[in-house]
Amino acid sequence: MDYTYLLALTTFAFVGAFTPGPNNIMLMTSGANVGFVRTIPHMLGVIFGFAFMLILVGFGLVQIFQTYPQLEKALQIISAVYLLYLAYKIASSKPVDNINGDYKPMSFLQAASFQWINPKGWSMSLSVMSIYATSADMFSVFLIAFVFICINVPTVSFWTAAGKQLQKRLTKPSHLKMFNYSMAGLLVGSMVMGF
């Protein structure tokens, strides 16, 4: 094992996973609205859903998009519509301590499925596989997925905990509403930058 390769891969994974994007914005929003514990299924869905996506991309899914570029365009449109829907749901949710509080954190399956329409996720998975995966080498594909799992555990925990810490400052419904509006705006902004 080349340690330079592993260091470069780990650095790429950390920068990609830690920087703001749809997953991190939604985790922070969930942490602020419902706390860390109730966000754990969402966190696990991001961790393992993205790893599964990396494995499938590494084993040739990228070739399908190269053969049928219209599929990639369709995926971009579906992604944009779904991210706009999520931004609306975040912006229009009510505080959970309110009797009618309606913020619902993502389930494991929802978060894992979301990886397939996350523009940042696609960009990262295609980039990392084209740079770090050795052609037809199962070990390198699984190593990349494993590195991302290891990096994503503290990363998703950080963003969710940051949201939870904000929860203390968002005790007034008006403050939480402004926070949710801001997070919805950032989510839309991350979508625009991803395209």
Side-chain angles (χ1 to χ4, degrees), residues 13-14 16-57 61 75 78-125 128 142 144-171 173 176-177 179-188 190-191 194:
F14 178 77
F18 191 76
T19 53
N23 279 324
N24 294 336
I25 291 167
M26 289 190 302
L27 287 166
M28 187 177 208
T29 302
S30 185
N33 279 274
V34 297
F36 193 92
V37 173
R38 287 189 58 198
T39 306
I40 288 174
H42 184 168
M43 295 163 60
L44 293 173
V46 170
I47 293 166
F48 293 106
F50 187 67
F52 182 65
M53 180 181 180
L54 284 170
I55 291 167
L56 291 183
V57 167
L61 194 57
L75 181 65
I78 293 167
S79 298
V81 169
Y82 189 65
L83 283 173
L84 288 172
Y85 167 75
L86 288 174
Y88 167 77
K89 292 296 282 180
I90 288 170
S92 64
S93 64
K94 294 175 182 60
V96 289
D97 32 308
N98 183 335
I99 291 173
N100 298 318
D102 62 354
Y103 184 90
K104 302 251 188 297
M106 280 189 163
S107 69
F108 175 87
L109 286 176
Q110 288 170 326
S113 300
F114 175 74
Q115 304 317 301
W116 293 95
I117 57 167
N118 177 357
K120 182 182 176 190
W122 274 107
S123 174
M124 284 176 35
S125 62
V128 75
F142 283 111
I144 290 167
F146 178 74
V147 166
F148 268 90
I149 288 171
C150 293
I151 293 295
N152 272 329
V153 169
T155 299
V156 301
S157 298
F158 171 85
W159 283 95
T160 305
K164 172 69 175 152
Q165 288 301 310
L166 282 173
Q167 195 177 48
K168 296 171 186 171
R169 301 190 191 289
L170 301 173
T171 54
L176 185 58
K177 191 174 199 176
F179 173 78
N180 285 343
Y181 283 158
S182 300
M183 292 297 104
L186 286 172
L187 187 58
V188 171
S190 72
M191 172 190 72

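By convention here, the first residue in the shown sequence is residue 1. As a basis for the values below, the full set of heavy atoms in this structure was taken, side chains included, without hydrogen atoms, waters or symmetry mates.
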Residue set satisfying side-chain hydrogen bond (donor to acceptor under 3.5 Å, both in side chains) with Ser113, at least two apart, ordered chain then number -> none

Between the CD atom in Gln115 and the CZ atom in Phe50, the distance rounded to the nearest 0.5 Å is 7.5 Å

ask   = Can any side-chain N or O of Ser30 pair as donor or acceptor with the backbone N or O of Met26 at less than 3.5 Å?
value = no

Donor-acceptor contact below 3.5 Å, side chain Trp159 vs main chain Asn23 | no

To the nearest 0.5 Å, atom CE of Met53 lies from atom CZ of Phe114 at 10.0 Å

For Gln110, the side chain to side chain contact (heavy atoms under 4.5 Å, CB included) test, sequence neighbours excluded, returns Met106, Ser107

Across all chains, not counting sequence neighbours, the side-chain hydrogen bond (donor to acceptor under 3.5 Å, both in side chains) partners of Thr29 are none

Across all chains, not counting sequence neighbours, the side chain to side chain contact (heavy atoms under 4.5 Å, CB included) partners of Phe48 are Leu44, Phe108, Ile149

Give a yes or no on whether the backbone of Thr19 and the side-chain of Asn24 come within a donor-acceptor separation of less than 3.5 Å.
yes

Problem set entry | Val57 and Trp122: CA distance, side-chain angles, deciding distance, side chain to side chain contact (heavy atoms under 4.5 Å, CB included) verdict | CA-CA 9 Å; Val57 167; Trp122 274 107; 3.8 Å; yes

d(Lys104 NZ, Arg38 CZ) to nearest 0.5 Å is 8.0 Å

Distance col, row Ile40:CD1 vs Leu27:CG, nearest 0.5 angstrom, shows 11.5 Å

To the nearest 0.5 Å, atom CZ of Phe148 lies from atom CG of Leu54 at 6.0 Å

Separation between CD1 (Ile25) and NZ (Lys120), nearest 0.5 Å, reads 8.5 Å

Taken in chain and number order and not counting sequence neighbours, the residues that satisfy side chain to side chain contact (heavy atoms under 4.5 Å, CB included) with Phe146 are Cys150

On a heavy-atom basis, the closest approach of Ala51 and Ala145 is O-CB, 3.9 Å

| message | Quick one, Leu166 and Met28 - any side-chain contact, counting heavy atoms below 4.5 Å? | response | yes

Smallest heavy-atom separation, Val147 atom then Ala13 atom, equals CG1-CB, 4.0 Å

Applying side-chain hydrogen bond (donor to acceptor under 3.5 Å, both in side chains) to Ser125 and not counting sequence neighbours gives none

* Is the Trp116 ring parallel, tilted or perpendicular to the Phe52 ring (thresholds 30°, 60°)? -> perpendicular

